[in-house]
Asks: 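This structure is in structure tokens; I'll ask about it shortly.
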Amino acid sequence: MSGKPAAALVIQGPQRFAERLIAWQREHGRHGLPWQASRDPYRVWLSEIMLQQTQVSVVAAYYARFLQRFPSVRELAAASLDEVLALWSGLGYYRRARHLHQCAQQVCTLNGGEFPRSAEALRQLAGIGRSTAAAIAAFCHGERAAILDGNVKRVLSRAYAMPQQTSEAAAQRALWHLAEALVPDRDVAAYTQGLMDLGATVCKPRNPACGQCPFGDDCRTRGAEDPEGSGPNAMAARPWVAARRKPAAPRRTQRWILLWAEDVRAAAPSIWLERRGAAGIWPGLWCLPQFDTHEQALHHAGLLGVVQSHDALAPSTHALTHLDLQLSPLRVRIEPRPAVHEDSGAWFPLRAALELGLPAPVRSLLQGHGPDDDAVIVSGTVGH
DNA sequence: TACGCGTGGGC
DNA sequence: TGCCCAAGCGT
């Protein structure tokens with residue numbers, strides 16, 4: 001590790017660490033974020049769910065739109081899941097939106113529209129895990145509860161040069177143990193905010209601004225050969241590699257044919273969309289029907305109506321966390337059968353379709369500014 | 001328990 | 001550019 005003797009540490013005990021962090025937060029922390037204006041549990045909860053694995057700069061606009069449409073948990077609970085998904089569209093990790101809606105209904109049904117106060121009780125609600133429950137309880141009620149997000153993992157593992165763990169689970173346990181031990185008896189809200197602020201603005205993954213850190217030379221990683229953590233000391237700086245990393249799985253690509261069926265009769269273009277299932281990617285969102293081959297897509301188009309022409313548009317790549325999707329739209333002009341009834345699909349005027357909960361690449365495609373726009377690869381005409 | 005789950009910022 | 005990673009959770 002850093003080689004500094006433990007006796008040299010001035011971050012000596014829980015109180016000392018917290019005191020310095022709290023003082024730093026009051027002076028240098030973030031105070032103007034939209035969700036910091038109130039301690040209303042509804043607003044704090046909404047922001048915490050949105051901020052899970054999502055950057056502050058992205059969340060801000062979504063947060064404002066949600067608050068405008070759903071001023072309180074009652075309006076959110078009363079809304080349809082469809083509307084919630086539509087507002088969430090583009091934010092990703094759509095299961096969060098489902099849980100958000102479910103949680104709002106739990107709060108209204110079981111608790112009269114009031115969020116429970118304790119972290120333990122909050123954790124029973126949909127989509128609220130250990131860290132989020134602690135954040136809400138700490139911010140709203142000053143409960144002595146520990147969070148452990150990416151910021152906190154990085155700050156603690158650097159400041160204390162946490163030792164290598166044999167497994168990811170062991171590393172996680174050690175971090176939680178330390179996080180719990182460090183929470184102060186008072187000023188928990190400022191302390192919790194301070195951990196996040198320090199990790200986000202000073203103790204950054206790369207190029208940490210150690211000169212601005214309240215722990216100064218008492219950080220056991222500062223001055224280490226490799227504070228950013230790509231070398232032998234990587235563990236301390238990058239807790240997510242605390243356990244021996246499995247050999248990186250080869251990044252895979254899936255090719256999807258997306259059937260872009262248009263109703264030729266409509267004055268304004270109308271398209272066929274289907275609601276995706278509750279499992280897998282984009283759960284509950286509306287999407288162009290997905291196939292493995294053009295033949296399958298054309299067969300499906302034939303079920304919707306009489307195919308008049310089809311164009312294979314240029315594929316585009318959409319990167320997911322562990323997967324690249326190569327999306328190849330097949331644009332088909334159809335005279336719909338009068339009585340097509342599929343449980344999961346419907347024709348939508350384009351303008352209405354854009355109001356639905358759509359995956360980001362599908363929205364981009366329908367809005368006409370996909371990466372390769374409307375470049376036609378293969379055209380076909382049917383019926384003459 | 002390890003893995004699936006989105007999208008965009010930033011370097 | 002191609003990565004890393006972000007106020008994690010549920011299963």
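Predicted model only: the values in this text are computed from it and were never measured. Below, chains carry the letters A, B, ... as their sequence lines are ordered, and counting in each starts from 1.
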Asks: Has A:R337 got a side-chain atom pairing as donor or acceptor with A:G302's backbone, closer than 3.5 angstrom?
Replies: yes
Asks: Using a strict threshold of under 4.0 Å (side-chain N to carboxylate O), is an ion pair present between A:E335 and A:R265?
Replies: no
Asks: Near DNA chain C, under 4.0 Å by heavy atom, which residues of residues 31-48 of chain A?
Replies: A:L33, A:W35, A:E48
Asks: Regarding A:G90, tell me which of base, sugar-phosphate or nothing describes its non-hydrogen contacts under 4.0 Å with the strands shown.
Replies: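 Sugar-phosphate contact only.
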Asks: C:dA6, OP1 or OP2 - any side-chain N/O from A:R154 closer than 4.0 Å?
Replies: yes
Asks: Stem list for DNA chain B, please, built from Watson-Crick and G-U wobble pairs under 3.5 Å and keeping only runs of at least 3.
Replies: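 DNA chain B stems, ordered by first number: B:2-5 with C:8-11, B:7-11 with C:2-6.
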Asks: For a quick check of understanding: with a heavy-atom distance under 4.0 Å over all strands, which category does A:A360 fall into, base, sugar-phosphate or nothing?
Replies: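 Answer is sugar-phosphate: A:A360 comes under 4.0 Å of backbone atoms only.
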Asks: Taking 4.0 Å as the cut-off, does a side-chain nitrogen or oxygen of A:T132 come that near to OP1 or OP2 on C:dC9?
Replies: yes
Asks: Under 4.0 Å between a Lys/Arg side-chain N and an Asp/Glu carboxylate O for A:R123 and A:E120?
Replies: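 So A:R123 does not pair with A:E120 through a salt bridge.
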Asks: Check the hydrophobic clustering (I, L, V, M, F, W, Y; side-chain heavy atoms under 4.5 Å; chains of links allowed) and say if A:F70 and A:L81 are grouped together.
Replies: yes
Asks: Using a heavy-atom cut-off of 4.0 Å across all strands, would you classify A:R251 as base, sugar-phosphate, or nothing?
Replies: nothing
Asks: Counting any heavy atom closer than 4.0 Å, what does A:I128 reach on the DNA or RNA strands: base, sugar-phosphate only, or nothing?
Replies: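 If one applies the 4.0 Å heavy-atom cut-off, A:I128 turns out to touch the sugar-phosphate alone, with no base involved.
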Asks: Is A:W282 close enough to B:dT7 that one of its side-chain N or O atoms is under 4.0 Å from OP1 or OP2 there?
Replies: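 Yes, A:W282 has a side-chain N/O under 4.0 Å of OP1/OP2 on B:dT7.
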Asks: Would one find a side-chain N or O of A:H318 under 4.0 angstrom from OP1 or OP2 of B:dT7?
Replies: yes
Asks: Salt bridge check, A:R20 against A:D218: does any charged N sit closer than 4.0 Å to a carboxylate O?
Replies: yes
Asks: Name the nucleic acid region contacted by A:A319, choosing base, sugar-phosphate or nothing; use a 4.0 angstrom heavy-atom cut-off, strictly under.
Replies: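 Base, at least one base atom sits under 4.0 Å.
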Asks: Looking only at atom P, what distance separates C:dA7 and B:dC3, rounded to whole Å?
Replies: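 Taking atom P in both C:dA7 and B:dC3, they lie 23 Å apart.
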Asks: Can you name the one residue among A:W35, A:Y42, A:W88 that meets ring-ring contact (aromatic ring centres under 6.0 Å, His included) with A:Y63?
Replies: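 For A:Y63, the ring-ring contact (aromatic ring centres under 6.0 Å, His included) check succeeds only for A:W35.
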Asks: Where the side chain of A:I281 is concerned, which of C:dC5, B:dA2, B:dG6 is the nearest nucleotide?
Replies: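 Taking heavy atoms from C-beta onward, the closest nucleotide is B:dG6.
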Asks: So what does A:T54 hit on the nucleic acid, given a heavy-atom distance under 4.0 Å: a base, only sugar-phosphate, or nothing?
Replies: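 Base contact - A:T54 has a heavy atom under 4.0 Å of at least one base atom.
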Asks: So does A:Y94 get a side-chain nitrogen or oxygen closer than 4.0 Å to the phosphate oxygens (OP1/OP2) of B:dT7?
Replies: yes
Asks: Does the side chain of A:Q53 get closer than 4.0 angstrom to OP1 or OP2 of C:dG8 through an N or O atom?
Replies: yes
